[in-house]
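When reading the values below, keep in mind they use all heavy atoms of this one structure, side chains included, and skip hydrogens, waters and symmetry mates.
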Amino acid sequence: MAQQTITVIRGDGIGPSIIDSAIEILKAVGCDYEYEYVDAGLAALEKTGELLPAATLEAIERNKITLKGPLTTPVGEGFTSINVTLRKQFGLYANVRPVKSFEGTKARYDDIDIITVRENTQGMYSGLGQVVSEDGSEAEAMSKITREGAEKIVTFAYELAKREGRKKVTAVHKANILKSTSGLFLKVAREVGERYPEIESAEMIVDATCMKLVMTPEEFDVIVTTNLFGDILSDLCAGLVGGLGMAPGANIGSDAAIFEAVHGSAPDIAGKNLANPTSVILASIQMLEYLGEAEKAERIRSAVADVIKSGDRTTRDLGGSHGTTDFTQAVIERL
C-alpha cells in the first residue's frame, strides 16, 4: 500500500505550535505518514498575497486528507471566510464535532459524550442573497436547503451512529416557524430515520435543544442539524466539556476531509509556548479513525485523558502551569 500523504496547514497564531505537537504525537504512536506543509490564512497572505494560494488547494485535492490549525481571516476587508471557501471548494458537506468529558478539566459535567453533525454548505451560511440597501437601513440574506443536501447530512449522521454503536439521533430544527427551510429538513430527517429502525429517532426545536443540553445533556447522543444551528449547538456542546480547547472538528466530503482545531488562532499567546494542543490532537484522533487506525487513535485518546486526569504538565486553561511542549511530552511518555 502506498504511504498516506497528509496535507498540513499549520495556520496562524498558536496554530504552528499545536500542529507540531499533534504531529509529534502521531509519529510517537507509530504513524508512518508523509506530511506536505502548505500555507493558508495570514501566513499565506504575507508570503503570496493570497489567503488560499492555488498550491494549497492543489495539495488538499491531491492528498485528500488535511490536518489544519486555526486560520485568521481578516475581518471586514472583503475577504471570505477561508473555512467556508474550503468547505465549498471540496464539497465538505458534513461537519462532525464530537465532545467527550475528560476527568480533570473542571468542566461543569463529567459524563458528556455527544456528536453534533452539522450540514456544512447550505442554509444561512451559503452566502446567498446578501444585500444591504444603499442607505444602510435594511439588510437581507437568504437561506437555501435542498432535499439532496438534507438527505446527505441526515444519512451521514445515521451511518455514523450505526458505525459507532450509538443509540439515538436527534434532528434539530425550527420547523414551527421556518416552515419552508426547516420544514423540508425535518421532513427529510423523518424519512431517513425510518430507514434505520434499530436507531432511536428524535426531533427537537432548536431553542428547546439549547435548554435541554444545559439541563439534561445525557438525553443526547448524536445531533444532526442545519448549518447555523449546528454552528451554535456544537459550541454549546464544547462548553459542556470545558470549552473549545477540548473540542475537535472534522469536515468530511465524498472524497476529501479536513480535520481541525475549532478554536481561534489566539494571537495574544502565539509563540509563548502556552497553548493547549488538545483540540488539534483530538482532531488528529478523528483523522486516524477516518483512516481506519482505530487502535492508534484509542492509544492517543487514553494518553491525553490520563495526562489531564493526573494533571501532569497540563496547560494553564486545564489548571496547570506548563506549556505546549511539556504537555506534548507528557502525552508521548504515555504512548
Side-chain angles (χ1 to χ4, degrees), residues 94-126 141 143-145 149-150 153-158 160-161 164-194 196 199-251 262-264 278-279 282 317-318:
N95 182 237
V96 184
R97 295 269 301 266
V99 292
K100 208 172 162 64
S101 296
F102 283 88
E103 202 181 324
T105 50
K106 305 182 176 48
R108 289 176 183 269
Y109 300 90
D110 51 20
D111 55 351
I112 303 288
D113 186 0
I114 302 170
I115 301 175
T116 304
V117 177
R118 161 192 173 196
E119 204 291 318
N120 226 355
T121 57
Q122 300 190 342
M124 278 315 298
Y125 287 13
S126 49
S143 173
K144 184 175 178 178
I145 303 276
I153 197 67
V154 179
T155 304
F156 183 98
Y158 277 94
L160 173 84
E164 298 211 355
R166 300 265 174 171
K167 307 278 190 290
K168 179 178 174 184
V169 173
T170 305
V172 176
H173 64 92
K174 190 67 182 167
N176 54 327
I177 306 292
L178 304 171
K179 290 183 162 53
S180 56
T181 48
S182 239
L184 177 60
F185 176 79
L186 180 59
K187 184 172 192 286
V188 173
R190 287 171 178 164
E191 289 167 12
V192 173
E194 284 174 7
Y196 297 87
I199 293 167
E200 184 192 340
S201 294
E203 53 191 59
M204 200 176 283
I205 294 171
V206 64
D207 33 330
T209 307
C210 291
M211 178 182 75
K212 293 247 184 204
L213 276 167
V214 173
M215 292 178 73
T216 50
E218 63 280 358
E219 278 186 46
F220 297 92
D221 193 356
V222 175
I223 292 171
V224 63
T225 190
T226 48
N227 209 333
L228 171 65
F229 298 157
D231 191 14
I232 296 165
L233 290 176
S234 56
D235 273 21
L236 194 162
C237 289
L240 304 177
V241 298
L244 293 178
M246 300 304 297
N251 298 285
V262 298
H263 54 69
T278 303
S279 176
L282 296 176
D317 58 318
L318 292 169

>> Quick one about Asn120 and Asn251 (side-chain donor to acceptor, distance below 3.5 Å, no hydrogens or angles considered), yes or no?
In response: yes
>> What I want to check is whether the side chains of Ser101 and Glu103 have a donor and an acceptor closer together than 3.5 Å.
In response: no
Sub-4.5 Å side-chain heavy-atom contact between [X] and [Y]:
| X | Y | result |
| --- | --- | --- |
| Phe229 | Ser182 | yes |
| Gln122 | Thr226 | no |
| Val224 | Val172 | no |
| Lys106 | Leu318 | no |
| Ile223 | Val169 | no |
| Phe220 | Ile112 | no |
| Val96 | Ile115 | yes |
| Phe102 | Asp110 | no |

Gap between atom [atom2] of [Y] and atom [atom1] of [X] - 0.5 Å precision:
| X | Y | atom1 | atom2 | result |
| --- | --- | --- | --- | --- |
| Ile205 | Met211 | CD1 | CE | 11.0 Å |
| Cys237 | Asp113 | SG | CG | 11.0 Å |
| Leu228 | Ser126 | CG | OG | 11.0 Å |
| Asn227 | Glu119 | CG | CD | 6.0 Å |
| Leu184 | Leu178 | CG | CG | 12.0 Å |
| Leu186 | Ile145 | CG | CD1 | 11.5 Å |

For the student: nearest non-hydrogen atoms of [X] and [Y], plus distance:
| X | Y | answer |
| --- | --- | --- |
| Val214 | Pro217 | O-CD, 4.1 Å |
| Cys210 | Leu233 | SG-CD2, 3.7 Å |
| Lys168 | Ala202 | CE-CB, 3.8 Å |
| Tyr109 | Met215 | OH-N, 4.3 Å |
| Pro248 | Ser279 | CB-O, 3.5 Å |
| Ala238 | Ala247 | CB-CB, 3.8 Å |

> Between Val117 and Asn95, does a side-chain contact (heavy atoms from CB on, under 4.5 Å) hold up when you go through it step by step?
Replying inline: CA-CA 6 Å; Val117 177; Asn95 182 237; over 6 Å; no
> Just wondering, more than 12 heavy atoms not from Lys144 lying within 6.0 Å of its NZ?
Replying inline: no
> Yes or no on side-chain contact (heavy atoms from CB on, under 4.5 Å) for Thr225 and His173, after CA distance, side-chain angles and deciding distance?
Replying inline: CA-CA 7 Å; Thr225 190; His173 64 92; over 6 Å; no
> Could you give all pairs that pass the side chain to side chain donor-acceptor pair (under 3.5 Å) test and reach residues 233-249, with sequence neighbours left out?
Replying inline: Arg97-Ser234, Arg97-Asp235
> Which residue pairs satisfy the side chain to side chain donor-acceptor pair (under 3.5 Å) criterion with at least one member in residues 200-222, sequence neighbours excluded?
Replying inline: Tyr158-Ser201, Arg166-Asp221, Lys174-Asp207, Arg190-Glu203, Thr216-Glu219
